[in-house]
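Let me begin by presenting the structure, written as structure tokens, before commenting on it.
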Amino acid sequence: QVQFVESGGALAQPGGSLTLSCAAPGFSLDYYAMGWFRQAPGKEREVVSCISYSDRSTYYADSVKGRFTISRDNAKNTVYLQMNTLKPEDTAVYYCAADITHSRCPSTIRLYDYRYWGQGTQVTVSS
């Protein structure tokens with residue numbers, strides 16, 4: 001069964017940076033748009049960012065726009081999330097998943113379209 005493995009989460013200070021990685025051993029990301037999501041305690045899972053397969057077009061939630069950068073290396077079947085200028089409100093478990101319906105990030109991103117969720121990686125932003 002395919003399951004993504006997220007890594008790179010850690011404790012960071014406000015204003016700091018982290019880079020998350022996501023891959024699934026033996027699984028090709030070809031033709032899938034890929035998304036990063038997060039879930040804070042007591043809150044629903046929300047989309048953070050999406051990157052399209054071929055043209056690398058991207059989507060960012062307003063809350064992270066200008067601070068986070070999503071990228072992908074299709075040759076390595078890996079997706080990254082560079083997080084800068086971290087804020088306490090970025091504290092959450094971060095997940096990646098594949099959009100099985102779209103190769104290009106749609107204007108409306110639906111969790112329903114995403115599969116192969118991993119266990120997530122914890123990001124805690126605190127001084």
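Within a 6.0 Å sphere centred on CD of Q119, heavy atoms belonging to other residues, nucleotides or ligands number 12 at most. Residue E44 places its CD atom among 12 or fewer non-hydrogen atoms of other residues, nucleotides or ligands, all under 6.0 Å distant.
Distance alone, capped at 3.5 Å, places no donor-acceptor pair between the S52 side chain and the S54 backbone. A donor-acceptor contact shorter than 3.5 Å links the side chain of R67 to the backbone of T85. Between the T101 side chain and the D99 main chain, no donor and acceptor come within less than 3.5 Å of each other. Judged by distance alone, the side chain of R115 and the main-chain N or O of V2 form no donor-acceptor pair under 3.5 Å. Under a 3.5 Å cut-off, the side chain of Q3 and the backbone N or O of G118 do not form any donor-acceptor pair.
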Side-chain donor-acceptor contacts of residues 13-24 below 3.5 Å, not counting sequence neighbours, with atom names and distances?
from	atom 1	to	atom 2	distance (Å)
S17	OG	N84	OD1	2.9
T19	OG1	Q82	OE1	2.4

Solution key, residues 105-112 side-chain donor-acceptor pairs under 3.5 Å, sequence neighbours excluded:
from	atom 1	to	atom 2	distance (Å)
R110	NE	D113	OD2	3.0
R110	NH2	D113	OD1	2.9
R110	NH2	D113	OD2	3.2

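Rounded to the nearest 0.5 Å, atoms OG (S49) and CZ (F37) are 9.5 Å apart. Taken from OG in S103 to CG in L29, the straight-line distance is 11.5 Å, to the nearest 0.5 Å. Between I70 atom CD1 and I51 atom CD1 the span is 5.5 Å, to the nearest 0.5 Å.
Within the structure, ring-ring contact (aromatic ring centres under 6.0 Å, His included) pairs that include any residue of residues 84-108 do not occur (at least two apart or interchain). Screening residues 42-73 for ring-ring contact (aromatic ring centres under 6.0 Å, His included), with sequence neighbours left out, gives Y31-Y53. Listed by first and then second residue, the ring-ring contact (aromatic ring centres under 6.0 Å, His included) pairs involving residues 3-29 are F4-F27, F27-Y32, F27-Y116 (not counting sequence neighbours).
For the pair V48/L81, a side-chain contact is recorded, criterion being any heavy-atom separation below 4.5 Å from C-beta on. Residues R72 and R56 form a side-chain contact, since some pair of their non-hydrogen atoms from C-beta on lies under 4.5 Å apart.
Annotation for A33 and Y114: closest pair O-CE2, 4.4 Å, computed over non-hydrogen atoms. Nearest heavy atoms, L86 versus A12: CD1-CB, 3.8 Å. In terms of heavy-atom proximity, E6 sits nearest to C96 at OE2-N, 3.0 Å. Nearest heavy atoms, T91 versus V125: OG1-N, 2.9 Å.
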- Take R38 and D90 through the salt bridge (Lys or Arg N to Asp or Glu O under 4.0 Å) test and state the conclusion after the steps. CA-CA 9 Å; R38 67 186 182 186; D90 294 321; 2.9 Å; yes
- Message: Run the side-chain contact (heavy atoms from CB on, under 4.5 Å) test on Y80 and M34 for me, step by step, so that the C-alpha distance in whole Å, both residues' side-chain angles and the decisive distance to 0.1 Å come before the verdict.
- Response: CA-CA 10 Å; Y80 305 95; M34 292 295 300; over 6 Å; no
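Listed by chain and residue number, D55 satisfy the side chain to side chain donor-acceptor pair (under 3.5 Å) test with R104 (two or more places apart in sequence, or in another chain).
Ion pairing between a basic and an acidic side chain is recognised when a charged N comes within 4.0 Å of a carboxylate O; D62 and K65 show such pairing.
Between T124 and Q122, the side chains place a donor N or O and an acceptor N or O closer than 3.5 Å (distance only, hydrogens not considered).
Residues V79 and W117 fall into different hydrophobic clusters, defined by Ile, Leu, Val, Met, Phe, Trp and Tyr side chains chained together at heavy-atom separations under 4.5 Å.
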